[in-house]
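Structure record follows, encoded as structure tokens.
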Number of protein chains: 4
Amino acid sequence: MKAKISDPRQRLLDTATELFYNQGYRATGINQVIREAGVARASLYLHFASKEALLIAFLQYRHQYWFDALKTWTEKTAKPKEQIMAAFDFLHDINEKEHFRGCAFLNILSEMTDKDAAVLQVIQEHKKDLRAYLGHILVKEKQALKDQVYLLFEAAMIESQLYRHQWPVQEARKAVSGLL
Amino acid sequence: MKAKISDPRQRLLDTATELFYNQGYRATGINQVIREAGVARASLYLHFASKEALLIAFLQYRHQYWFDALKTWTEKTAKPKEQIMAAFDFLHDINEKEHFRGCAFLNILSEMTDKDAAVLQVIQEHKKDLRAYLGHILVKEKQALKDQVYLLFEAAMIESQLYRHQWPVQEARKAVSGLL
Amino acid sequence: MKAKISDPRQRLLDTATELFYNQGYRATGINQVIREAGVARASLYLHFASKEALLIAFLQYRHQYWFDALKTWTEKTAKPKEQIMAAFDFLHDINEKEHFRGCAFLNILSEMTDKDAAVLQVIQEHKKDLRAYLGHILVKEKQALKDQVYLLFEAAMIESQLYRHQWPVQEARKAVSGLL
Amino acid sequence: MKAKISDPRQRLLDTATELFYNQGYRATGINQVIREAGVARASLYLHFASKEALLIAFLQYRHQYWFDALKTWTEKTAKPKEQIMAAFDFLHDINEKEHFRGCAFLNILSEMTDKDAAVLQVIQEHKKDLRAYLGHILVKEKQALKDQVYLLFEAAMIESQLYRHQWPVQEARKAVSGLL
DNA sequence: AATGAATGAGCATTCATTCAT
DNA sequence: TATGAATGAATGCTCATTCAT
């Protein structure tokens, strides 16, 4: 028994994913979300307690989606160095597919302050998971090197968003290749 | 020719600087700006064509301020490597002073899309200037190394914002120290 | 034939009683009623045709409850004057117990207009019953005096609500005592 | 220089007066107020900080209006007893003119709870002023009698609203007449 | 009898901008 | 140069009610 094609909750999540990611959290009004999801206003609040709750649901959804996509790339090989290279290739790929919109988590981070603790935590968890994932691949390397790889990976994401160009991914990839 | 202590334009710019930086562009309403600046609503539109124009003025103002502060640190020494180290110390310092609010330009970047071309350009110019400045200090090094330093510098900024912690600055600094 | 401890209808009525009385009819949303009653939304409409029907049920329920409580006080004695005095003591008592929330019927009256005829009628019936009850105790007195007692009784209720204080009950009681 | 015929603040106040009085505070939406006042939505918030602020302004406005009207009646004579009788005649008159809508202050009171302290205070002040005014007319009488007159006056208002009939005014008037 | 999902209309409030003075 | 008044559109959210199960 599959989910109904018109499952409102999923449609809201899909729409929020697209809008929050592409235009930002505050620039996206609840009106636009429900209009594009084809759902009644109150139905949103039936499934999500607030706009912030929808944001958190989006981040968790995106977390799953993003990691699945990353692993699809890294698991093509078993060698650590090649896996890390594949991770940068993955960045290259989503830059193309998502038009250099950058990291959903870092983008949302910019809109949050210390009082948005619940959101901050989801973002931090995501990044901790990424750092742990890269660290796990590089299990035999020193911590300093693991961190360097992680930082270059992060920089590659945000700088390619900034310049709307792949060069930061390529430069970071080259640098990491030299380190391993 | 001094600026009046109650110069409305400057007060608006100061207030916008604080608010746009600390709570974000869209989260900051024109009401709050004029209230905290102690200026009449229409006076804002006398000095700035629109909210976006105020944003751009803020970014340009911040650009000047930020570079001046950076240079105050780097110009304490003449040796390239020490200058780069000083740049990271500068990051450490503003993280403390500005409570890990990160890079004003990257934060605003996250709220912009391709249709905000004018804003994007100011942000890109700022980062190009930074990249050129670091590149100029490392004039004798290869381009790949210059880029690596720049990317680690950027990563240090955004990751310390993310974790509300100095470790990314320290790790990036160490890594750069090893490269030079 | 006992009512089940979890009888939804009774729980709705109890909850509506508390909320309509303490915060008013319009200030009380159906959401709050079903949440605090622990009942499904549609169950409310199974037992009551509309929010107004629930209001009327509440008023009728309250009518019964209130008169029972009044009679518990007045029936402690057989002498008419003492019975009237007991009625004022009853007011004093519920003011304490219900924190000066006043008369449920007069409160709801304030929220109603001529088009809420069904509700108005229940309220008027209640007051007519009260007037008749006091009149019955004072059966040997003239109509004008009966009315004066009734009016002072009513004033005692609403004015103690207004001032959050017992003095209107005490003054009215004294005045009535002098009249009889 | 007179107030402009289209003074928005006054139009809002007039409209709020009519609507809050005739249909109640919570039953009256901001939409209806601005529509009937012929004023833009944001203009309301230019002149009044919130709906509650508008309510308080209405109560203060009504206070002035009501007392002026009362005094117009009582000042027709100089004799205390006749002044009190005139006060009851005033009640009779506004019952006709305002279709038994009762006392604006007691009606709003019914919609308020202890947390609406600011509103409660305005209502209590109004009633204290009324009590003082009647007390001042009856300056030579004992306090108990003053209170009795006040209570009967209050009862006359609310009971004629309840029954949509003048009899409570007439009975209270007769009772007071007998007391003086 | 009982329920969770869904809805369109409405809530109070704030938005960025313009205008007359 | 400076301002208070005014505005239409949008904000996030809740309303009372109905429906399919």
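The sequence lines fix the lettering, A, B, ..., with proteins before strands; numbering per chain opens at 1.
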Of all the nucleotides listed (F:dA6, F:dG12, E:dT3), which has the minimum atom distance to the side chain of A:Lys51?
F:dG12
For the atom pair CD (B:Glu111) and CG (B:Asp116), what is the distance rounded to the nearest 0.5 Å?
10.0 Å
Spacing between B:Tyr45 atom OH and E:dT21 atom P, to the nearest angstrom
21 Å
In whole angstroms, the gap separating C1' of F:dG12 from CZ of A:Phe48 amounts to 16 Å
State whether the distance check finds a donor on one side and an acceptor on the other, under 3.5 Å, for side chain C:Arg41 versus base F:dT17.
yes
Quick one: does any side-chain atom of D:Lys51 pair with a main-chain N or O of D:Tyr25 as donor and acceptor, under 3.5 Å?
yes
For C:Leu46 and F:dC19, what is the distance between atoms CG and P respectively, to the nearest whole Å?
14 Å
With the side chain defined as heavy atoms from C-beta on, C:Ser50 is closest, among F:dG4, F:dT17, E:dT3, to F:dT17
Spacing between A:Arg11 atom CZ and E:dA6 atom C1', to the nearest angstrom:
11 Å
Let me know the distance between CG of B:Leu44 and C1' of E:dC15, rounded to the nearest Å.
14 Å
Before giving the answer on side-chain hydrogen bond (donor to acceptor under 3.5 Å, both in side chains), spell out for B:Gln23 and A:Thr113 the whole-Å C-alpha distance, their side-chain angles and the decisive distance to 0.1 Å.
CA-CA 6 Å; B:Gln23 27 182 37; A:Thr113 68; over 6 Å; no
Do C:Asp14 and C:Gln10 get their side chains close enough for a donor-acceptor pair, meaning under 3.5 Å?
yes
To the closest 0.5 Å, what do you measure between CG (A:Asp114) and CZ (B:Arg164)?
4.5 Å
I want to verify a distance call: between F:dA6, E:dT3, E:dA12, whose nearest atom is closest to the C:Ala42 side chain?
E:dT3
Is there a side-chain polar atom (N or O) of A:His47 under 4.0 Å from OP1 or OP2 of E:dG4?
no
Could you give me the stems involving DNA chain E, meaning stretches of three or more consecutive Watson-Crick or G-U wobble pairs whose two defining distances are both below 3.5 Å?
E:2-21 with F:2-21
Between F:dA5 and D:Ser43, is there an OP1 or OP2 to side-chain N/O distance shorter than 4.0 Å?
no
DNA chain F contacts made by residues 13-37 of chain D, counting heavy atoms under 4.0 Å
none
Of the listed E:dT3, E:dG8, F:dT3, the closest approach to the A:Ala40 side chain comes from E:dG8
Interatomic distance, B:Ile123 atom CD1 to B:Glu125 atom CD [nearest 0.5 angstrom]
11.5 Å
